[in-house]
Amino acid sequence: MEAFQLLSRGGVKFDKKRFQKDVQLFSKEIPKSVATTSQLPDGELPKELDYFKYAAGGSAKRKANGGDGKAAKKRKVEEEPDEDEDEEEHEDVDEDAPPTIRQRVVAKGSNVPPHAETFEALVERYQMSSLLLSNLTANGYKHPTGIQSHGIPILLESRDLAAISPTGTGKTLSYLLPLLCSLGAPSASGKSEAGAGVRAVIVAPTRELAHQINNECMKLAQGRKWRIILFSKATANTMTDKAARDKVDIIISTPLRLVASLKSGSLELDNVRHLILDEADRMLDAEFFPQVEEILAACTHPKIQKAVFSATLPANAEKMAMQMLKDPIRVVIGLKDTPLPLIAQSLTYVADDPSKLPSLLAYLAKPYDPPVLIFTSSQPRATSLAQELVLNGIPNVDCLHAGMTKKEREDAVSRMRRGESWVMISTEVMARGMDFKGIREVINYDFPTSVQSYVHRIGRTGRAGREGKAVTYFTDQDAPYLKTIANVLLQSGSTVPEWILKLPKPSKLKRRQMGKVKREETVNPARKIGRRDAIKKRRDMVAGSKRRTEKEGKVEGEQD
DNA sequence: AAAAAAC
């Protein structure tokens, strides 16, 4: 009910025409096709810098900000009984962000600090150093995105934060900037007020993402002598003695690597003042959570600030996140678990698995925008698809999955960054966080196994205000989950054939197809939570379609 | 629901 009201009150303003105009600013240097272009154009930025561009473009068309006097509304939400009385909820349309990222903003929590309209405002309000400001400028950041303008002040006021913002909207900078702001003197200088030793930890689910965060962090930190460590076996080995560890300021790592060092006694996290979980829902899922728990347990400093970031945060993950955060502020930019509308999504029927390859070959025979990122469901399928494409004469095919060696993975990423890959076949390892500026098209060769997976996979395109295209193959076998994904398309402004929307409920169909109707177990609390989420979700979808209706003047009654 | 990813 609440979500619906927020939306129908006009909280969502979405101007597609304006988008398209701005998007064209970016289109000029993208090749129309490989057929007409012998090589990829040079990016405006060096390859290692290609994620420094969130502020690029769009600012000229920005409207003056009028959101200053936004009223802090007090609102009770029945579904969330744990809400404090003095919690406030701010709602406004973010006029600050580049137009493509201009979205509804909801900040909820006690004493939410006002957002920052510019990076310069951070210098005045929080004494951000001019060095950081000039590093921002040097790397092409001109104007904060929605999550940056709202999230950074919250973190700078030492508050815990759960930040939900769509893919490609600059979440990394949202935590790196305040982190570097509040870090103070390097540990190695001996002048750090917070004492020696690791003071900040950033955890991410894949090596590639950790590496990318590290790169971004180093660019921002340029000119200061902070020791920033991309944690790996090799770097961990350089820190076996305490004296070396005490010179470290920031560690960026995957969870298991940290846990391994904690267990071997070669790492202390007792002086950590900032802990960031990137891709939070992934970090809190069943496989990663035990490791994250160990990391949390090792971060014993009472003044620790924690923050979680993701584009998707299912209810159970959000619950866990809120439990680990202290008096958190929850910021949602746009709609949770929803792709950006500037990604043109479509579903393609391919009957069965053997029909996929011919479809893909036909697709690649026509002009396309390289590089194309193709997702498969397993490592062997990624490998064999890559081989098939090579055999069929597709140029510059690459493959990346976690079964490859570290070096192979690194090489694949750098070919991607240099624009040498035209067709990249990958698994879920590439689904989250990775920011390759050039990706214009994503193909889900194998159907994603969750809404979250879908949203993150296609979120590899449409980044920083650019247009993107996402094609998802589905077979008869995928039918049980088709409708769920179709609703995501609908919610984010793409169209779906009507028959798909008329499919029966996923669970029923799935059971029927599997030929075994599971006996109803005794209803346990976990099940109840699941049902509640499902209902909530559905409400969000209805709200989404309502929004479309208003925007496009179409009447599209969506049921179920 | 199910594979992938983490060392």
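In what follows, every chain begins at residue 1, and chains take the letters A, B, ... in the order their sequences are listed. Keep in mind that the numbers below use all heavy atoms, side chains included, and drop hydrogens, waters and symmetry copies. In this text the structure is predicted, and so the values were computed from the model without any measurement.
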query = Reckon A/Ser377 has a side-chain N or O less than 4.0 Å from the OP1 or OP2 of B/dA4?
reply = no
For [X], which contact category applies under a 4.0 Å heavy-atom criterion: base, sugar-phosphate, or nothing?
X: A/Arg207; answer: sugar-phosphate
X: A/Ser450; answer: base
X: A/Arg409; answer: sugar-phosphate
X: A/Pro205; answer: sugar-phosphate

Practice prompt. Compute whether any side-chain donor of one residue and acceptor of the other, for A/Gln345 and A/Thr472, lie under 3.5 angstrom apart.
Written response: no
Do A/Ser232 and A/Thr235 get their side chains close enough for a donor-acceptor pair, meaning under 3.5 Å? yes
From [atom1] of [X] over to [atom2] of [N], roughly how many Å is that when rounded to an integer?
X: A/Met434; N: B/dA4; atom1: CE; atom2: C1'; result: 16 Å
X: A/Asn444; N: B/dA2; atom1: CG; atom2: P; result: 19 Å
X: A/Gln477; N: B/dA3; atom1: CD; atom2: P; result: 12 Å
X: A/Met430; N: B/dA4; atom1: CE; atom2: P; result: 16 Å
X: A/Tyr454; N: B/dA2; atom1: OH; atom2: P; result: 22 Å
X: A/Lys406; N: B/dC7; atom1: NZ; atom2: P; result: 9 Å
X: A/Met283; N: B/dA6; atom1: CE; atom2: P; result: 10 Å
X: A/Leu256; N: B/dA4; atom1: CG; atom2: C1'; result: 14 Å

- Between the base of B/dA4 and the side chain of A/Glu287, is there a donor-acceptor distance below 3.5 Å? yes
Check: Does any N or O donor sit under 3.5 Å from an N or O acceptor when you compare the side chain of A/Arg381 with the base of B/dA3?
Finding: no
Just checking A/Phe447 against A/Tyr473, ring centres under 6.0 Å apart? no
Worksheet item: How about A/Tyr363 and A/Tyr368: are their ring centres within less than 6.0 Å of each other?
Response: no
Side chain of [X], heavy atoms from C-beta onward: which of [options] has the nearest atom to it?
X: A/Ser378; options: B/dA3, B/dC7, B/dA5; answer: B/dA3
X: A/Pro380; options: B/dC7, B/dA4, B/dA5; answer: B/dA4
X: A/Gln291; options: B/dC7, B/dA6, B/dA4; answer: B/dA6

For A/Ser453, the side-chain hydrogen bond (donor to acceptor under 3.5 Å, both in side chains) test, sequence neighbours excluded, returns A/Glu428, A/Arg457
